[in-house]
Amino acid sequence: MSLRFVDRRGWDCKKYDLIQKNYGEDVLPAWIADMDLATAPAIIEALLKRVEHGAFGYTFRSEEFYEAIISWYRRRYGFEVKREWIVDGVGVMPMMAMLINVLTDPGDKVIIQTPVYPPFFGVVQKNKRVLVENRLVKVNGAFRMDLDSLRKLIDERTKLLILCNPHNPVGRAWTLDELKALYDIALEHNLIIISDEIHGDIVYDPNRFTTMLKAGLKNTIVLHSPGKTFNIPALTISYGIIPDEGLRQRYIESFEALELTTGNVFGILALKTAYLHGEPWLEELLRALKSNRDMAYSFLRENCPLIDPTLPEATFLMWLDCSKLGLKNPQEFFLEKARVYMNNGGDFGDPNCVRLNFSCDKDTLKEILLRIKYAYDTIEK
């Protein structure tokens with residue numbers, strides 16, 4: 001078994017050290033979207049070898065770097081990426097911020113589909129664009145895009161739509177039919193779609209990940225990174241796929257103007273190694289995460305029936321609807337009563353929910369769930 005859960009405390013770990021410093025060492029963190037796992041052995045071996053070399057001068061992204069991305073898309077997603085479509089990045093969200101700035105003007109409208117990853121709010125508003133929320137709707141226990149609502153929100157100042165694919169926090173792996181329907185609306189109104197696909201590898205059978213590129217290439221921009229898949233987000237390595245030459249050139253000019261072209265030697269090496277040698281580890285990871293997901297979902301359904309968990313098709317995150325509990329702030333309640341720190345749903349656009357990260361070892365997850373049940377049982381119903 002190549003999966004290795006690690007104790008992350010004491011290593012300036014945001015998930016553990018920051019929370020336990022602020023709220024106490026007895027608090028169990030189940031929030032930020034990274035895993036309590038050492039990365040793939042192939043990546044560790046490659047990085048150790050690079051460190052032993054000892055020289056860390058300027059580097060560049062060789063053709064092997066881009067070929068690794070192309071090969072990954074071909075093998076994992078069944079899609080053929082052209083080399084010239086790929087652009088460099090230093091993180092998915094910085095790339096998104098650059099694209100918003102070069103493709104829209106202050107006062108232009110950008111649509112996000114809530115509840116959604118909190119930085120989507122900030123990257124629009126902090127860049128002085130107008131945020132427009134198109135809320136997802138829940139039908140028969142699964143979230144859907146409300147395309148009728150979306151059409152009504154679009155006007156002449158609406159320029160961009162940011163898609164989370166797969167969706168964080170509700171765990172949808174959008175289907176090709178859903179993405180095509182969205183693409184048709186975008187094409188009709190000349191909207192650019194920026195698809196954040198950073199969770200694209202964490203998808204559970206029988207579901208499959210579908211890149212937005214399969215729905216259409218015109219006005220489609222995909223942003224990706226191995227950060228979530230291989231638990232290396234702090235290496236800040238990312239890339240984009242922009243088939244449209246005009247959009248691609250505008251991004252490249254902005255990237256070069258900010259003097260961001262020198263890459264991080266460890267991030268570049270980690271991506272190449274992950275995409276060329278990390279697949280067996282990923283398959284083992286998916287089996288372990290699916291087991292954790294199923295355990296958490298079954299436990300909450302059986303023991304906390306007034307909490308409505310969404311069974312994620314993708315990601316290692318579970319969205320818990322606590323609206324039936326009558327709590328003013330579910331996150332604060334579970335922190336106080338259970339000593340479990342989960343993400344506040346209000347940051348995603350729904351204050352009645354919390355987000356649970358289940359990518360930890362089974363014993364820790366069991367303790368988290370038991371604590372949630374203990375707190376749940378204290379509520380008068």
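- The distance from the CG atom of Asn165 to the CE atom of Met212 is 8.0 Å, given to the nearest 0.5 Å.
- Between the side chain of Asp361 and the main chain of Thr364, a donor-acceptor pair closer than 3.5 Å is present.
- Taking 4.0 Å as the cut-off between side-chain N and carboxylate O, Arg355 and Asp347 do not count as a salt-bridged pair.
- Taking the charged nitrogens against the carboxylate oxygens, Asp244 and Arg248 have no contact shorter than 4.0 Å, which rules out a salt bridge.
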_Pair Lys228, Thr315 - check side-chain hydrogen bond (donor to acceptor under 3.5 Å, both in side chains), show working._
CA-CA 9 Å; Lys228 301 297 184 186; Thr315 80; over 6 Å; no
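- Contact of the Leu103 side chain with the Ile221 side chain is registered, since non-hydrogen atoms from C-beta on lie closer than 4.5 Å.
- Using a 4.5 Å cut-off between side-chain heavy atoms of Ile, Leu, Val, Met, Phe, Trp and Tyr, with links allowed through other members, Met145 and Ile194 fall into different hydrophobic clusters.
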*Could you walk me through whether Asp148 and Lys152 pass salt bridge (Lys or Arg N to Asp or Glu O under 4.0 Å), step by step?*
CA-CA 7 Å; Asp148 290 334; Lys152 296 173 185 176; over 6 Å; no
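- Ile232 and Leu37 fall within a single hydrophobic cluster, where Ile, Leu, Val, Met, Phe, Trp and Tyr side chains are chained together by heavy-atom contacts under 4.5 Å.
- Within the 4.5 Å cutoff, side-chain heavy atoms of Leu150 are placed close to those of Leu182.
- For the pair Thr39 (side chain) and Asn231 (backbone), a donor-acceptor distance under 3.5 Å is absent.
- The closest donor-acceptor contact from the side chain of Asn134 to the backbone of Leu147 lies at 3.5 Å or more, if one exists at all.
- Looking only at side-chain heavy atoms (C-beta outward), Leu223 and Leu99 come within less than 4.5 Å of each other.
- Within a 6.0 Å radius of CD in Glu45, no more than 12 heavy atoms belonging to other residues, nucleotides or ligands are found.
- Under a 3.5 Å cut-off, the side chain of Thr310 and the backbone N or O of Ala142 do not form any donor-acceptor pair.
- Ring geometry, His224 versus Tyr73: the interplanar angle exceeds 60°, so the pair is classed perpendicular (tilted spans 30 to 60°).
- Between Arg135 and Asp146 there is no salt bridge, since none of the side-chain N atoms of the basic residue sits less than 4.0 Å from a carboxylate O of the acidic one.
- Residues Arg172 and Glu178 have side chains in contact (heavy-atom distance under 4.5 Å, counting atoms from C-beta outward).
- In this structure, the side chain of Glu313 does not engage the main chain of Val203 through any donor-acceptor pair within 3.5 Å.
- A donor-acceptor pair under 3.5 Å is absent between the side-chain atoms of Asn264 and the main chain of Ile237, judged by distance alone.
- Contact of the Phe209 side chain with the Asp201 side chain is not registered, since no non-hydrogen atoms from C-beta on lie closer than 4.5 Å.
- A salt bridge links Lys290 to Asp294: at least one charged side-chain nitrogen sits closer than 4.0 Å to a carboxylate oxygen.
- Using a 4.0 Å cut-off between charged side-chain N and carboxylate O, Asp321 and Lys138 make no salt bridge.
- Put simply, the side chain of Arg129 gets close to the backbone of Thr104: a donor and an acceptor are under 3.5 Å apart.
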Check residues 64-71 and write down every donor-acceptor pair under 3.5 Å in which the side-chain atom is one partner and the other belongs to a residue at least two apart or another chain.
residue	atom	partner	partner atom	Å
Tyr66	OH	Asp88	OD1	2.8
Tyr66	OH	Asp88	OD2	3.2
Ser71	OG	Arg75	NH1	2.4

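- Not a single donor-acceptor pair under 3.5 Å links the side chain of His277 to the backbone N or O of Pro41.
- A salt bridge does not link Glu25 with Arg9: every distance from a Lys NZ or Arg NE/NH1/NH2 to an Asp or Glu carboxylate oxygen is 4.0 Å or more.
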_Between Lys366 and Met295, is the side-chain contact (heavy atoms from CB on, under 4.5 Å) condition met? List the steps._
CA-CA 9 Å; Lys366 287 176 184 176; Met295 183 179 80; 3.8 Å; yes
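- Residues Phe348 and Val124 do not share a hydrophobic cluster, defined by chaining ILVMFWY side chains whose heavy atoms lie under 4.5 Å apart.
- Both Met93 and Val116 are assigned to one and the same hydrophobic cluster, defined by single-linkage of ILVMFWY side chains at heavy-atom distances under 4.5 Å.
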_Apply side-chain hydrogen bond (donor to acceptor under 3.5 Å, both in side chains) to residues Trp319 and Asp350 and explain how you reach the verdict._
CA-CA 10 Å; Trp319 191 235; Asp350 193 335; 5.0 Å; no
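- Thr175 and Asp177 form no side-chain donor-acceptor contact under 3.5 Å, judged by distance and modelled atom types alone.
- Hydrophobic clustering (ILVMFWY, side-chain heavy atoms < 4.5 Å, transitive): Val265 and Leu276 are in distinct clusters.
- Salt bridge present: Asp155 and Lys109 bring a charged side-chain N and a carboxylate O closer than 4.0 Å.
- Note on ring orientation: taking the six-membered ring where Trp is involved, the planes of Phe230 and Trp281 are parallel (angle under 30°, cut-offs 30° and 60°).
- Proximity of the aromatic rings of Tyr297 and Phe358 is defined here by a centroid distance below 6.0 angstrom, and this criterion is not met.
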*Could you walk me through whether Asp36 and Tyr16 pass the side-chain hydrogen bond (donor to acceptor under 3.5 Å, both in side chains) check?*
CA-CA 10 Å; Asp36 292 350; Tyr16 281 88; 2.6 Å; yes
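- One finds a salt bridge joining Glu283 and Arg76 here, because a Lys/Arg side-chain nitrogen approaches an Asp/Glu carboxylate oxygen to under 4.0 Å.
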*Checking side-chain contact (heavy atoms from CB on, under 4.5 Å) for the pair Ile154/Ile111: CA distance, chi angles, key distance, verdict?*
CA-CA 9 Å; Ile154 299 170; Ile111 298 174; 4.0 Å; yes
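- Under a 3.5 Å cut-off, the side chain of Lys214 and the backbone N or O of Tyr77 do form a donor-acceptor pair.
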